[in-house]
Amino acid sequence: MTSKPFSQQKVGGLRSALYFLVVVLGLEKEPTLPVHPFVPPQEVDQNTLTPQEKTTLDLAVHRLAERVRVRSIQLTPLFDDYDRVHIGSVSRSQFRRVLSELELGSLVSEDEFRVLFSRFDVRVGGKDDVDYIAFCDLVSEYAQKAWREKLY
């Protein structure tokens with residue numbers, strides 16, 4: 001008996017928000033079978049940057065993370081408001097708007113926005129969107145590192 005994911009393919013490039021939804025054939029007959037969660041592939045992890053772009057990204061995210069840490073800003077809720085279908089992505093203009101509303105947009109140059117878009121690009125419905133969940137995770141990771149460094 002093998003475990004088979006509920007959805008083996010992405011539909012229209014959308015990531016499933018149901019990470020633990022699985023169908024295990026024969027589970028009703030053998031309830032002790034191991035069940036493995038379904039984790040959809042992350043398109044963002046496949047985006048590659050040049051060494052110069054990585055440096056640019058690192059500097060921009062460090063600046064954003066420091067402001068997020070100092071002001072205790074929560075990024076995700078405002079992005080969620082713009083993500084009407086709850087797929088974890090917003091358009092590029094919505095991404096800029098959210099950063100501006102959080103008073104973070106002025107910290108990022110046009111070149112840095114271009115690099116952010118390259119790094120967090122995800123195709124949704126034939127257009128390029130920004131994976132804000134991966135972006136928020138990275139900013140939070142940098143902010144936590146900075147917070148720990150301030151403690152010691």
Side-chain angles (χ1 to χ4, degrees), residues 3-24 35-152:
S3 109
K4 186 175 185 180
F6 178 72
S7 172
Q8 292 184 345
Q9 58 184 347
K10 295 183 286 182
V11 179
L14 304 179
R15 286 190 322 197
S16 171
L18 304 173
Y19 291 102
F20 298 106
L21 184 60
V22 295
V23 175
V24 178
V35 178
H36 305 286
F38 170 68
V39 180
Q42 296 256 345
E43 290 180 33
V44 168
D45 294 338
Q46 298 171 3
N47 297 343
T48 57
L49 300 175
T50 66
Q52 182 181 0
E53 289 174 329
K54 287 180 184 178
T55 303
T56 303
L57 175 72
D58 191 53
L59 293 172
V61 173
H62 269 293
R63 244 188 340 272
L64 292 168
E66 182 61 21
R67 178 72 57 93
V68 165
R69 186 190 64 77
V70 168
R71 293 191 178 174
S72 299
I73 298 172
Q74 296 208 2
L75 296 172
T76 310
L78 194 54
F79 279 113
D80 287 340
D81 290 344
Y82 282 93
D83 184 12
R84 295 205 182 268
V85 290
H86 307 292
I87 57 173
S89 68
V90 292
S91 70
R92 291 178 175 191
S93 62
Q94 290 172 329
F95 183 81
R96 283 179 184 262
R97 194 172 310 132
V98 168
L99 291 185
S100 293
E101 287 179 26
L102 293 171
E103 298 178 2
L104 298 172
S106 62
L107 298 176
V108 182
S109 69
E110 283 302 314
D111 187 47
E112 291 168 335
F113 267 118
R114 184 190 57 74
V115 172
L116 286 170
F117 294 152
S118 295
R119 172 63 178 89
F120 299 105
D121 181 63
V122 63
R123 297 283 294 171
V124 177
K127 63 184 182 93
D128 291 317
D129 278 357
V130 179
D131 182 343
Y132 70 86
I133 293 175
F135 168 76
C136 291
D137 287 347
L138 185 63
V139 171
S140 295
E141 180 183 321
Y142 277 51
Q144 287 174 358
K145 282 182 187 175
W147 180 77
R148 283 192 298 269
E149 288 172 1
K150 297 277 186 209
L151 287 178
Y152 301 106

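The two residues V122 and D131 make their nearest non-hydrogen contact at CG1-N, 3.9 Å. Of all non-hydrogen atoms in R63 and L107, the two that sit nearest each other are NE-O, 2.9 Å.
One finds the CZ atom of R69 at 13.5 Å from the CG atom of L64 (value rounded to the nearest 0.5 Å). Here the straight-line distance linking atom OH of Y82 with atom OG of S89 works out to 15.0 Å at 0.5 Å rounding.
Among residues two or more places apart in sequence or in another chain, the salt bridge (Lys or Arg N to Asp or Glu O under 4.0 Å) test is passed with D83 by none. In this structure, the side-chain hydrogen bond (donor to acceptor under 3.5 Å, both in side chains) partners of E110, at least two apart in sequence or on a different chain, are R96. Shown here are the side-chain hydrogen bond (donor to acceptor under 3.5 Å, both in side chains) partners of Q94, two or more places apart in sequence or in another chain: S91. Considering only residues two or more places apart in sequence or on other chains, R97 meets the salt bridge (Lys or Arg N to Asp or Glu O under 4.0 Å) condition with none of them.
Looking at heavy atoms from C-beta onward, L116 lies out of side-chain contact with V130 at the 4.5 angstrom threshold. When side chains are defined from C-beta on, F135 counts as touching L99, because their heavy atoms get closer than 4.5 Å. Side chains of L49 and T56 form no contact here, defined as non-hydrogen atoms less than 4.5 Å apart. Within the 4.5 Å cutoff, the side chain of Q52 has no heavy atoms near those of the V115 side chain.
Taking the charged nitrogens against the carboxylate oxygens, R123 and D128 do have a contact shorter than 4.0 Å, which makes a salt bridge.
Here salt bridge (charged side-chain N to carboxylate O under 4.0 Å, His left out) pairs that include residues 46-62, with residues two or more places apart or in two chains, are E53-R114.
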Tabulate below the donor-acceptor pairs under 3.5 Å that side-chain atoms of residues 71-81 make, not counting sequence neighbours, or state none.
{"unit_1": "R71", "atom_1": "NH1", "unit_2": "E103", "atom_2": "OE1", "d": "3.1"}
{"unit_1": "D80", "atom_1": "OD1", "unit_2": "Y132", "atom_2": "OH", "d": "2.6"}

